[in-house]
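Below you'll find the structure, written out as structure tokens, and then a few comments.
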Amino acid sequence: MEGVHLVRRVLTAATAALTLTTAGTMLAGAPGQAAPTAWGRPTVTVAPQPGTPGLGDTYFPDYGNGGYDVEHYDVRLRYEPTSDRLTGTTTILATATQDLSSFNLDFLLDVESVRVNGWEAGTSTAGVHELVVTPARTVTRGQQLTIVVRYAGIPSQTLVGGYTGWTRTADGALAVNEPESAWWWFPSNDHPLDKATFDISVSVPTGVEVISNGLQPRPPLAEAGNRTRWGWRTTSPTATTLAFLAIGQYDIVTDTTPGGQPVINAYSTSLGALRPAARASIERTGEIIDWESGIFGPYPFEAQGGVAGPVDGIGFALETQTRPVYGPSFWRRGANTYVVVHENAHQWFGDSVSVAEWQHIWLNEGFASYAEWLWSEEQGEGTAQELFDFTYASYPADDEFWQVLPGDPGAARVFDNAVYDRGAMALHQVRLAVGDDAFFEILPAWTAAHRYGNGTTAQFQALAEDISGLDLDELFTTWLFTAGRPDVASAARTAAAPAAPKSWAKIREAHELLSHR
């Protein structure tokens, strides 16, 4: 693989299940006793409890936190590219979902203070990334919370198991990663189950650009000390792992689609000879989204575009909401629209409809990979059937590839090739089983049913069965949850190896970077 390649790791060291200790009940009158009511029955009052230090994700049980639901993040930062020092104040608007004696935020930098509804709160740390907040006053279920966290640190030097989710570059930084990124730049409830809207503003030296999600509510503002404050706002529900920052030297290109939607693209000035290929790919985003909208349903967000990152940045691409970020390696062999198709398909599959648990990651990657096969059909560069046949034949029956279960790959293999390729093959088998009419009804029905929410494999299977009228349990079990290469009746089983479709080289090139991180 040519060029810079940053391995995007999954943090498994801190994912042991954390069990909530349930507080004893306190009864009206005296502890341990029942107080009579007007009806002669005891009334039980439960003491406020700590929010759980995790949402119980099967793979990452300590990701996210219980006891509250976030509506909005206001992330206000100051960044110094020369030192990589980040200072910030994040204001979190949330609602308590239980009576709380304390609650957790996922965060790593040094915290100066936390206030809850204006009162200074106590803080401590637990586990690898847990900031424990103890409010000065008990929080009651349904109460509106304004949580203000002031903090500072050097994200690139803040390590977990030798790893940081913050990429420092020669002229700035990238906060782009999955499934964890927020820990290094804003405190959060870091799991896709708790989506929120965002205001993100960053003060940087004048001449440095900042790109993030959504739209700019105002032009960049000049500040004292030869600084400029950039602001971005997204009004669509966003998972914390899909919020991002790209800070450095960028050329920003703005436009609108024929339908009037804003398009904002940004290109690192360090790209040099790679810039034309990056532009020839990313500038087709509007065309690709229009095509995808015809298959997946209406585009779910308020803006679109892409960011071509610097040569010393990331080695992968990520479907950051409204504006995917691409590493430079995608352009080293010329333009590649397949990665643009992949990342923008995620705007439906992964961003608007996010996984309920990380175990269901194939619902993101398998669908985005199958979108590439459909684009290949559209471009006349190979049908989905031809791509299925060639992909199937590319992995011998004894290849380790067939031992990874796309529907349950394990925490250490959520970005394995099988999640992408076998996930796409599973979708093709669904298409063959139900027929094109039903299949192309299922896709937009799925994105509509779970728009701005979350989904599971069982829910997708149920929807596919409801629309098709077929029992698909054996198909889903075979392709998603059974080790070994399934038998298929297609050209993939003929004696002669199928020819590589024209699109294969570009698709494989993209997947080598997307899945090996």
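A quick note: this is a predicted structure, and the numbers were derived from the prediction, not measured.
Across Ser101 and Pro135, no two heavy atoms sit closer than the pair O-CD, 3.5 Å. For Ala356 against Asp57, the heavy-atom pair with the smallest separation is O-OD2, 4.4 Å. Gln249 approaches Glu209 most closely through the heavy-atom pair CA-OE1, 3.5 Å. Nearest heavy-atom pair, Phe301 versus Pro237, reported as atom, atom and distance to 0.1 Å: CE2-O, 4.5 Å. Ala371 approaches Phe296 most closely through the heavy-atom pair CB-CZ, 3.9 Å. Of all the heavy atoms in Val208 and Pro81, the pair that sits closest is CG2-CG, 4.4 Å.
The CH2 atom of Trp375 sits 8.0 Å away from atom CD of Glu292, with the distance rounded to the nearest 0.5 Å. In this structure, Tyr79 OH and Arg85 CZ are separated by 12.0 Å, a value rounded to the nearest 0.5 Å. Distance check: His342 NE2 to Ile288 CD1 gives 12.5 Å after rounding to the nearest 0.5 Å. Note that the CD atom of Glu178 and the OG1 atom of Thr241 stand 5.0 Å from one another [nearest 0.5 Å]. Separating the OG atom in Ser188 from the CD1 atom in Ile92 is a distance of 7.0 Å, to the nearest 0.5 Å. Here the CZ-OG distance, from Arg233 to Ser212, works out to 12.5 Å after rounding to the nearest 0.5 Å.
Proximity of a side-chain donor or acceptor of Arg115 to a complementary backbone N or O of Gly118 within less than 3.5 Å is detected. Of the possible donor and acceptor atoms, one in the side chain of Ser270 sits under 3.5 Å from a partner among the backbone N and O of Val311. Between the Thr140 side chain and the Gln143 main chain, no donor and acceptor come within less than 3.5 Å of each other. Side chain of Arg323 to main chain of Gly214: a donor-acceptor pair is present (N/O by atom type, distance under 3.5 Å, no hydrogens or angles). No donor-acceptor distance shorter than 3.5 angstrom exists from the side chain of His346 to the backbone of Gly350, with no hydrogens or angles considered. For Thr337 (side chain) and Val340 (main-chain N/O), no donor-acceptor pair under 3.5 Å exists by modelled atom type. Of the possible polar contacts, none joining the Ser203 side chain to the Arg78 backbone as a donor-acceptor pair under 3.5 Å is found.
Under 3.5 Å, the side chains of Thr238 and Gln321 contain a donor-acceptor pair of N or O atoms. Residues Glu381 and Ser376 bring no donor and acceptor atom of their side chains to less than 3.5 Å of each other. For Arg451 and Ser352, the side-chain atoms include no donor-acceptor pair closer than 3.5 Å. Side-chain N/O atoms of Ser236 and Glu302 include a donor and acceptor closer than 3.5 Å. Defined by atom type and a distance below 3.5 Å, a donor-acceptor pair is present between the side-chain atoms of Tyr163 and Asn177. A side-chain donor from one of Glu357 and Thr58 sits under 3.5 Å from a side-chain acceptor of the other. Side-chain contact check for Gln261 and Gln304: at least one donor-acceptor pair (N or O, by modelled atom type) lies under 3.5 Å. Judged purely by distance below 3.5 Å, without hydrogens or angles, the side chains of Thr206 and Thr228 pair a donor atom with an acceptor atom. A donor atom on one side chain and an acceptor atom on the other are found under 3.5 Å apart for Asn104 and Glu130. No side-chain donor-acceptor contact under 3.5 Å links Asp69 and Thr95.
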Practice item. Could you walk me through whether Asp312 and Arg168 pass the salt bridge (charged side-chain N to carboxylate O under 4.0 Å, His left out) test, one step at a time? Key: CA-CA 9 Å; Asp312 59 344; Arg168 187 180 184 186; over 6 Å; no

Review point. Can you list the steps and then say if Phe349 with Trp362 is a ring pair (Phe, Tyr, Trp, His ring centres under 6.0 Å)?
Key: CA-CA 10 Å; Phe349 304 100; Trp362 87 277; over 10 Å; no

Review point. Hey, mind stepping through Val116 and Thr146 against side-chain contact (heavy atoms from CB on, under 4.5 Å) and telling me if it holds?
Key: CA-CA 6 Å; Val116 179; Thr146 301; over 6 Å; no

Practice item. Please lay out, stage by stage, how Phe186 and Phe107 fare under the test ring pair (Phe, Tyr, Trp, His ring centres under 6.0 Å). Key: CA-CA 7 Å; Phe186 69 97; Phe107 196 50; 8.2 Å; no

Exercise for review: Evaluate the side-chain hydrogen bond (donor to acceptor under 3.5 Å, both in side chains) criterion for residues Thr164 and Trp184: first the C-alpha distance (whole Å), next the side-chain angles of each, then the deciding distance (0.1 Å), finally the verdict.
Suggested key: CA-CA 8 Å; Thr164 175; Trp184 284 268; 3.3 Å; yes

Which side-chain N or O atoms in residues 150-161 pair as donor and acceptor under 3.5 Å with protein atoms at least two apart or in another chain?
from: Tyr151; atom 1: OH; to: Thr90; atom 2: OG1; distance (Å): 2.8
from: Tyr151; atom 1: OH; to: Trp185; atom 2: O; distance (Å): 2.9
from: Ser156; atom 1: OG; to: Asp84; atom 2: OD2; distance (Å): 2.5
from: Thr158; atom 1: OG1; to: Ile154; atom 2: O; distance (Å): 3.0

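No side-chain heavy atom of Val133 sits less than 4.5 Å from a side-chain heavy atom of Ile147. Using a 4.5 Å cut-off on side-chain heavy atoms (C-beta onward), Asn265 and Val307 make no contact. Contact of the Ile211 side chain with the Trp230 side chain is not registered, since no non-hydrogen atoms from C-beta on lie closer than 4.5 Å. Looking only at side-chain heavy atoms (C-beta outward), Thr197 and Thr234 stay at 4.5 Å or farther from each other. Looking at heavy atoms from C-beta onward, His511 lies in side-chain contact with Asp421 at the 4.5 angstrom threshold. Looking only at side-chain heavy atoms (C-beta outward), Val263 and Thr254 stay at 4.5 Å or farther from each other. Side-chain contact check for Tyr452 versus Val353: every heavy-atom pair is 4.5 Å or farther apart. Residues Val339 and Trp331 have side chains in contact (heavy-atom distance under 4.5 Å, counting atoms from C-beta outward).
Residue Leu245 forms a side chain to side chain contact (heavy atoms under 4.5 Å, CB included) with just one option from Asn213, Val75, Ile200, Thr320, and that option is Ile200. Here the options are Thr123, Asn65, Leu109, Asp106, the test is side chain to side chain contact (heavy atoms under 4.5 Å, CB included), and the partner is Leu131; only Thr123 passes.
Two rings, from Tyr299 and Trp348, have their centers less than 6.0 Å apart.
By the side chain to side chain contact (heavy atoms under 4.5 Å, CB included) test, Glu509 is found to be paired with Arg333, Asn336, Lys506, residues two or more places apart in sequence or in another chain being considered.
Salt bridge Asp99/Arg141: absent, no basic N to carboxylate O contact under 4.0 Å. Under 4.0 Å is where a charged nitrogen must lie from a carboxylate oxygen, and between Glu80 and Arg227 at least one such pair does. By the 4.0 Å N-to-carboxylate-O rule, Asp199 lies too far from Arg76 to be salt-bridged with it.
Using a 30° and 60° split on the angle between ring planes, Tyr370 and Trp373 fall in the tilted class, from 30° to 60°. Between Phe330 and Tyr326, the ring planes are perpendicular. Angles over 60° get that label, and only those under 30° would be called parallel. By the 30° and 60° cut-offs, the orientation of the rings of Phe460 relative to Phe367 is perpendicular.
The environment of Arg279 atom CZ is dense: over 12 non-hydrogen atoms of other residues, nucleotides or ligands sit within 6.0 angstrom.
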